[in-house]
Amino acid sequence: MNKAVDGGPLSPLFAWITRRPRHALCLSLLILLVPLPFLADLVKDTRSDAFLADDNPALVYKDKISAAFGLNDPVVLAVVDESAAGIYRPQTLRLIEELTAGIRELPNINRERVTSLATERNIRAQGDDIDIRPFLEPFPETAEALADLREAVSNVELYSGTLVSADGQMALVTAEMIDENEAERTYRLLHQLVEEATTPPGVQLHLAGEGVIAGYLGAYIDSDALRLNPLAGLIINLTIFLAFLRISPALLSNVIIVASVGITLAVMALLDIAFFVITNALPVILIGISVADAIHIYSEYYALRRQRPEAAVESVVRETMANMWRPITLTTITTMCGFMGLYLAAIMPPFKYFGLFATLGVFIAWLFSMLFLPAALVLTRPQPRSTRHGGVDGFARIANGLGQASLRHARVTLALAVAVAAYGLWAASKLQIEE
């Protein structure tokens, strides 16, 4: 029988939790539920400018230029016609007209800053007079009129190669957003407009521009999170189930995950910190980190239960927490220090906030592992899985086997470790920076 390790400064806490598990459970749920309503106020910031501090000289100067000249994030719709005539076909020109009109009607689009062949005018001299008329008025239907339009556009350097490609295969519809914070909604409306457009054979439509990229990233964050977070949760839950062959460890670990991720994002919203592009990785990282403490606690709990099946659950839980609080706390502190290093060393705000709130998420996972999990163990009283190898489960046997193999072949193990490390250093030298 193992002698219980002193719980140190947390002994009174563990004693209270095991005596009043329902109180501890209610306190845990209160800590979780109070900040969650603030999640509704969390906003996304997918701008490239978000990677610069507000007082960065380049950003300050850009804002001054934008304010002086009324320049906002551009939105570009490219109409590509691969036919021999290029965009100089009646059906393609009609499409450009329709798309231009549709974009001008979208909310958050500056109607006066929409530019295409359907909005621009052709200026040419006729004797002593100057003839100014829209390129598409009257609308060119005949081969002669289409040839005249092509010649007129190619003669205007302002439009040839910019509004229409030099080979005539592509034309652009450009626009500007009014509020860059509405980029995602604007992108969705533009995408819907493109999807609903009837395109002639051989014609393709493409969205581009800084405003579209920002909007796409906003939509990408949602779709990516809907795939990554459930997948990460599924893998973690499956791993925990295979480790203990019990459902309760996975279910209770999910509470710690929800607390770590939910409270962290809620605090971000409360402090008016935006959800940046790289923040999308934060929930996945916290999902993996949050359950580490629970796995250690469950492993110790089940081991003690096998050793002392007659002991009261409260006593086993207290001994479990007394044995595990110190190593769990130390690993939590080292992990928090690592993320705080990112916060202190990074220059770009998204990375600084990533490090700061990852630190918070790790702390919350530790807090719920110390407060919620022992109370849940007392209330649920999980039983260890029966084994036929002296109380040692399959995972323990595998770990013991690996440990014995490494001891028997210590030099080979060290040589392999050095080789892997050397290869990693060499591979790291091949990294290419992509900003």
Side-chain angles (χ1 to χ4, degrees), residues 28 32 224-265 280-306 316-317 320-321 323-325 327-336 338-339 358-377 379-406 417 420:
S28 303
L32 170 61
D224 203 34
L226 288 175
R227 290 194 302 268
L228 283 179
N229 295 332
L231 181 60
L234 177 62
I235 294 174
I236 290 294
N237 280 281
L238 183 60
T239 302
I240 296 174
F241 176 77
L242 292 176
F244 302 110
L245 293 182
R246 290 288 185 272
I247 296 178
S248 61
L251 294 178
L252 296 180
S253 297
N254 280 328
V255 176
I256 300 177
I257 291 174
V258 171
S260 178
V261 176
I263 295 176
T264 298
L265 296 181
N280 206 31
L282 182 59
V284 178
I285 290 176
L286 290 180
I287 287 174
I289 293 176
S290 297
V291 300
D293 297 344
I295 290 176
H296 293 311
I297 291 172
Y298 266 106
S299 297
E300 180 71 7
Y301 169 82
Y302 282 135
L304 292 176
R305 288 284 284 168
R306 291 191 187 98
V316 174
V317 171
T320 297
M321 301 309 297
N323 291 342
M324 299 306 299
W325 80 269
I328 286 176
T329 301
L330 291 176
T331 55
T332 296
I333 291 174
T334 56
T335 304
M336 292 173 62
F339 283 119
T359 302
L360 175 62
V362 173
F363 170 76
I364 293 170
W366 173 87
L367 177 64
F368 271 73
S369 297
M370 295 293 107
L371 179 62
F372 165 80
L373 191 54
L377 287 174
L379 292 174
T380 59
R381 301 175 179 270
Q383 297 295 323
R385 180 171 59 90
S386 60
T387 60
R388 291 178 290 179
H389 299 272
V392 180
D393 60 25
F395 273 78
R397 291 197 304 274
I398 293 173
N400 289 336
L402 289 175
Q404 293 172 5
S406 65
V420 171

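Numbering starts at 1 and runs along the sequence shown. Treat the numbers as computed from the prediction; the structure is a model and nothing was measured.
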- Task: Would you indicate whether the side-chain heavy atoms of Leu377 and Ile297 approach each other to under 4.5 Å?
- Result: yes
- Task: Fit a plane to each ring of Phe368 and Phe372, take the angle between them on a 0 to 90° scale, and name the class: parallel (under 30°), tilted (30 to 60°) or perpendicular (over 60°).
- Result: tilted
- Message: Rounded to the nearest 0.5 Å, what separates atom CG in Leu242 from atom CG in Asn237?
- Response: 11.0 Å
- Message: For Ser369, give me all partners under side chain to side chain donor-acceptor pair (under 3.5 Å), at least two apart in sequence or on another chain.
- Response: none
- Query: Any idea which heavy atoms bring Ala376 and Thr380 closest together, and the distance?
  - Reply: O-OG1, 2.6 Å
- Task: Taking the side chain as every heavy atom from C-beta outward, state whether Ile256 and Val291 have any pair of such atoms under 4.5 Å apart.
- Result: no
- Note on the structure: dist Asn254:CG -> Ile236:CD1 (nearest 0.5 Å) comes out at 10.0 Å
- Note on the structure: Taking every heavy atom of Thr331 against every heavy atom of Thr334, the minimum-distance pair comes out as O-OG1, 2.7 Å
- Message: Can you confirm whether more than 12 heavy atoms, excluding those of Ile247, are under 6.0 Å from its CD1 atom?
- Response: no
- Task: Only counting residues at least two apart or in another chain, list the ones meeting ring-ring contact (aromatic ring centres under 6.0 Å, His included) with Phe363.
- Result: Trp366
- Quick one: pull up OG in Ser248 and CD1 in Ile240 and give me the separation to the nearest 0.5 Å. 10.5 Å
- Query: Should Phe241 and Pro249 count as side-chain neighbours, where that means a heavy-atom distance under 4.5 Å?
  - Reply: no
- Note on the structure: The reported gap from CE in Met336 to CG in Leu360 (rounded to nearest 0.5 angstrom) is 8.0 Å
- With rounding to the nearest 0.5 Å, note down the distance linking CG in Leu373 to OG in Ser28. 9.5 Å
- Main-chain N/O of Glu300 paired to Arg305 side chain as donor or acceptor, under 3.5 Å: no
- Query: Is the shortest heavy-atom distance from the side chain of Ile287 to the side chain of Ile235 under 4.5 Å?
  - Reply: no
- Query: With no hydrogens and no angle check, is any side-chain donor or acceptor of Ser260 less than 3.5 Å from a backbone partner on Gly361?
  - Reply: yes
- Item | Verdict with supporting geometry, Met370 and Asp293, side chain to side chain contact (heavy atoms under 4.5 Å, CB included) | CA-CA 9 Å; Met370 295 293 107; Asp293 297 344; 5.8 Å; no
- Message: I'd like to check Ile257 versus Leu286 (side-chain heavy atoms, cut-off strictly below 4.5 Å). Are they in contact?
- Response: no
- Item | Test item: Met324 and Tyr301 side chains (from C-beta on) under 4.5 Å apart, heavy atoms | no
- Task: Run the numbers on Arg246 and Tyr302 for side chain to side chain contact (heavy atoms under 4.5 Å, CB included), then give the verdict.
- Result: CA-CA 11 Å; Arg246 290 288 185 272; Tyr302 282 135; 3.8 Å; yes
- Query: Do Leu304 and Asn323 pass the side chain to side chain contact (heavy atoms under 4.5 Å, CB included) test, and can you show the C-alpha distance, the side-chain angles, and the key distance before you say yes or no?
  - Reply: CA-CA 11 Å; Leu304 292 176; Asn323 291 342; 4.0 Å; yes
